[in-house]
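All of these numbers come straight from a predicted model, not from anything done at the bench.
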Amino acid sequence: MSDKSRIKSVRTHKSVVRALATESASPPAAKMVKAIRVHELGGPEVLKWEDVEVGEPKEGEVRVKNKAIGLNFIDVYFRKGVYKTATVPYTPGVEACGVVTAVGPGLTGRQVGDLVAYAGQPMGSYAEEQILPANRIVPVPPSIDPTVAASLLLKGMTAQFLLRSCFKVEPGHTVLVHAAAGGVGSLLCQWANALGATVIGTVSTKEKAAQAKEDGCHHVIIYKEEDFVARVKEITSDNGVEVVYDSVGKDTFEGSLACLKTRGYMVSFGQSSGAPDPVPLSTIAVKSLFLTRPRLFNYAVTRDELLEMAGEVFGNVQSGVLRVRVNHTYPLSQAAQAHEDLENRKTSGSVVLIP
């Protein structure tokens with residue numbers, strides 16, 4: 001081979017090597033999956049079924065293929081603008097259970113194939129697949145179905161901090177739970193009953209009253225047929241209850257205060273009927289009442305706190321203390337209908353979206 005031929009061959013070889021190196025250095029093509037997207041705030045109709053990109057997990061991240069997605073009323077609050085999102089458009093959802101499909105570089109303790117769940121942060125679970133911080137996911141026991149896990153974690157951890165931290169329910173206490181047939185309400189009633197409390201629940205229909213009874217309510221009030229304040233006073237011989245767990249808000253707030261005994265605790269953790277009207281301090285001072293507006297994000301700050309709360313919730317399911325009611329499932333593509341039914345109180349127990 002001549003010198004010119006050798007030079008030409010070397011140059012060609014170098015070009016091929018450079019091309020291969022460039023090709024291997026290129027990032028992998030983004031994967032397209034289906035997700036719900038919100039481009040403007042409003043009613044259920046703003047929930048759009050679209051294609052989105054999901055990339056590779058970075059350091060400290062995992063990619064999860066969702067098997068079931070929890071629907072929570074906080075999703076409605078974000079969609080309507082009651083709570084603010086960081087950006088618009090966005091993918092809603094703060095709870096899901098799925099299988100790890102990829103892990104970020106250098107990550108240990110998580111591996112492909114793990115069944116995991118997360119709740120709270122970050123937002124974005126209304127998707128077939130998503131990227132999650134590894135320190136926000138928790139392992140799901142193999143005995144717990146993914147549909148149950150997806151419907152349970154956020155509501156279960158909410159029930160945990162409401163019953164064990166905001167106000168520590170003990171044997172002999174009497175508690176009032178509004179929306180007792182709802183996702184959180186159902187768990188609150190079962191758990192409070194197991195702790196030895198007398199449980200009073202309010203519901204909207206006879207069907208929901210039957211469920212609340214099964215879930216541990218000793219007394220059930222159908223608020224559309226009865227004055228719940230008068231009924232609570234009758235049940236407690238006019239003494240009132242130690243604590244009210246109120247996820248309803250405007251429609252029940254003042255009445256709830258009237259149901260409390262002296263030094264009672266008003267735990268307002270939702271506002272499905274709207275924000276309560278301002279309350280003068282003099283109203284609370286009459287009985288030396290305590291009022292709190294807690295959020296899960298403030299109770300599961302560290303990973304240790306998250307694992308402890310999730311472990312207690314899953315443990316109570318495995319031991320039979322908690323029975324999870326997944327009464328309604330919808331395809332993820334029909335999230336708008338699921339939101340509409342939730343807002344119109346046509347659902348009871350937990351609602352789950354299936355990708």
Side-chain angles (χ1 to χ4, degrees), residues 41-44 72-85 155 158-159 161-163 165-167 174-185 188-189 192 199-205 208 212 219-236 238-299 339-340 342-348:
L41 303 179
N72 299 280
F73 220 96
I74 195 171
D75 302 339
V76 175
Y77 295 150
F78 280 116
R79 191 201 74 223
K80 296 169 71 172
V82 176
Y83 298 154
K84 303 302 180 185
T85 60
K155 301 174 186 68
T158 298
F161 82 80
L162 291 178
L163 292 166
S165 297
C166 288
F167 178 87
T174 301
V175 307
L176 173 61
V177 179
H178 288 299
V184 176
L188 282 172
C189 293
V199 184
I200 305 172
T202 70
V203 296
S204 59
T205 66
K208 291 181 179 181
H219 307 275
V220 182
I221 303 168
I222 302 175
Y223 64 82
K224 290 185 177 181
E225 300 178 3
E226 302 177 89
D227 181 333
F228 78 84
V229 176
R231 187 77 181 94
V232 167
K233 289 184 177 181
E234 178 185 351
I235 293 168
T236 62
D238 211 29
N239 290 321
V241 300
E242 273 83 9
V243 59
V244 176
Y245 293 109
D246 190 351
S247 63
V248 178
K250 185 178 179 65
D251 291 350
T252 53
F253 193 84
E254 288 190 20
S256 295
L257 293 176
C259 290
L260 288 167
K261 62 168 42 178
T262 301
R263 299 193 304 278
Y265 279 70
M266 175 66 182
V267 182
S268 175
F269 66 99
Q271 50 190 50
S272 61
S273 66
D277 294 327
V279 179
L281 287 178
S282 57
T283 301
I284 299 175
V286 171
K287 296 182 182 178
S288 297
L289 301 179
F290 298 85
L291 170 61
T292 182
R293 177 74 175 173
R295 300 180 69 199
L296 171 63
F297 308 134
N298 296 327
Y299 286 83
H339 270 235
E340 183 177 341
L342 181 66
E343 284 190 88
N344 291 332
R345 303 187 186 182
K346 293 182 179 179
T347 63
S348 62

- Query: What residue among Asn72, Val184, Leu163, Ile74 forms side chain to side chain contact (heavy atoms under 4.5 Å, CB included) with Thr158?
  - Reply: Val184

Any side-chain heavy-atom pair of [X] and [Y] under 4.5 Å:
{"X": "Pro294", "Y": "Tyr299", "answer": "yes"}
{"X": "Val199", "Y": "Val175", "answer": "yes"}
{"X": "Thr252", "Y": "Thr202", "answer": "no"}
{"X": "Pro44", "Y": "Arg79", "answer": "yes"}
{"X": "Tyr77", "Y": "Gln271", "answer": "yes"}
{"X": "Ser273", "Y": "Phe253", "answer": "no"}

- Does the side-chain contact (heavy atoms from CB on, under 4.5 Å) test come out yes or no for His219 and Glu234, once each step is laid out? CA-CA 11 Å; His219 307 275; Glu234 178 185 351; over 6 Å; no

From [atom1] ([X]) to [atom2] ([Y]), nearest 0.5 Å:
{"X": "Arg231", "Y": "Thr236", "atom1": "CZ", "atom2": "OG1", "answer": "10.0 Å"}
{"X": "Ile284", "Y": "Leu291", "atom1": "CD1", "atom2": "CG", "answer": "5.0 Å"}
{"X": "Lys155", "Y": "Phe73", "atom1": "NZ", "atom2": "CZ", "answer": "12.0 Å"}
{"X": "Leu296", "Y": "Leu162", "atom1": "CG", "atom2": "CG", "answer": "9.0 Å"}
{"X": "Asn298", "Y": "Ser165", "atom1": "CG", "atom2": "OG", "answer": "11.5 Å"}
{"X": "Ile235", "Y": "Ile200", "atom1": "CD1", "atom2": "CD1", "answer": "4.5 Å"}

Show me the donor-acceptor pairs within less than 3.5 Å that the side chains of residues 262-270 make with the rest of the protein, sequence neighbours left out.
residue	atom	partner	partner atom	Å
Ser268	OG	Arg293	NH1	3.1

Provide the closest heavy-atom pair for [X] versus [Y] in the form atom of the first, atom of the second, distance.
{"X": "Ile222", "Y": "Ser204", "answer": "CG2-O, 3.7 Å"}
{"X": "Arg345", "Y": "Tyr223", "answer": "NH1-OH, 2.9 Å"}
{"X": "Ala212", "Y": "Val203", "answer": "CB-CG1, 4.1 Å"}
{"X": "Leu41", "Y": "Gly81", "answer": "CD1-CA, 3.7 Å"}
{"X": "Glu242", "Y": "Leu260", "answer": "O-CD2, 3.9 Å"}
{"X": "Thr347", "Y": "Leu342", "answer": "OG1-CD1, 3.4 Å"}

- Query: Considering residues, nucleotides and ligands other than Glu226, do more than 12 of their heavy atoms fall under 6.0 Å from its CD?
  - Reply: yes

- Item | With sequence neighbours excluded, residues passing side chain to side chain contact (heavy atoms under 4.5 Å, CB included) with Asp277 | Lys250

- Query: Can you tell me if Asp246 uses its side chain to pair, donor with acceptor, with the backbone of Gly249 under 3.5 Å?
  - Reply: yes

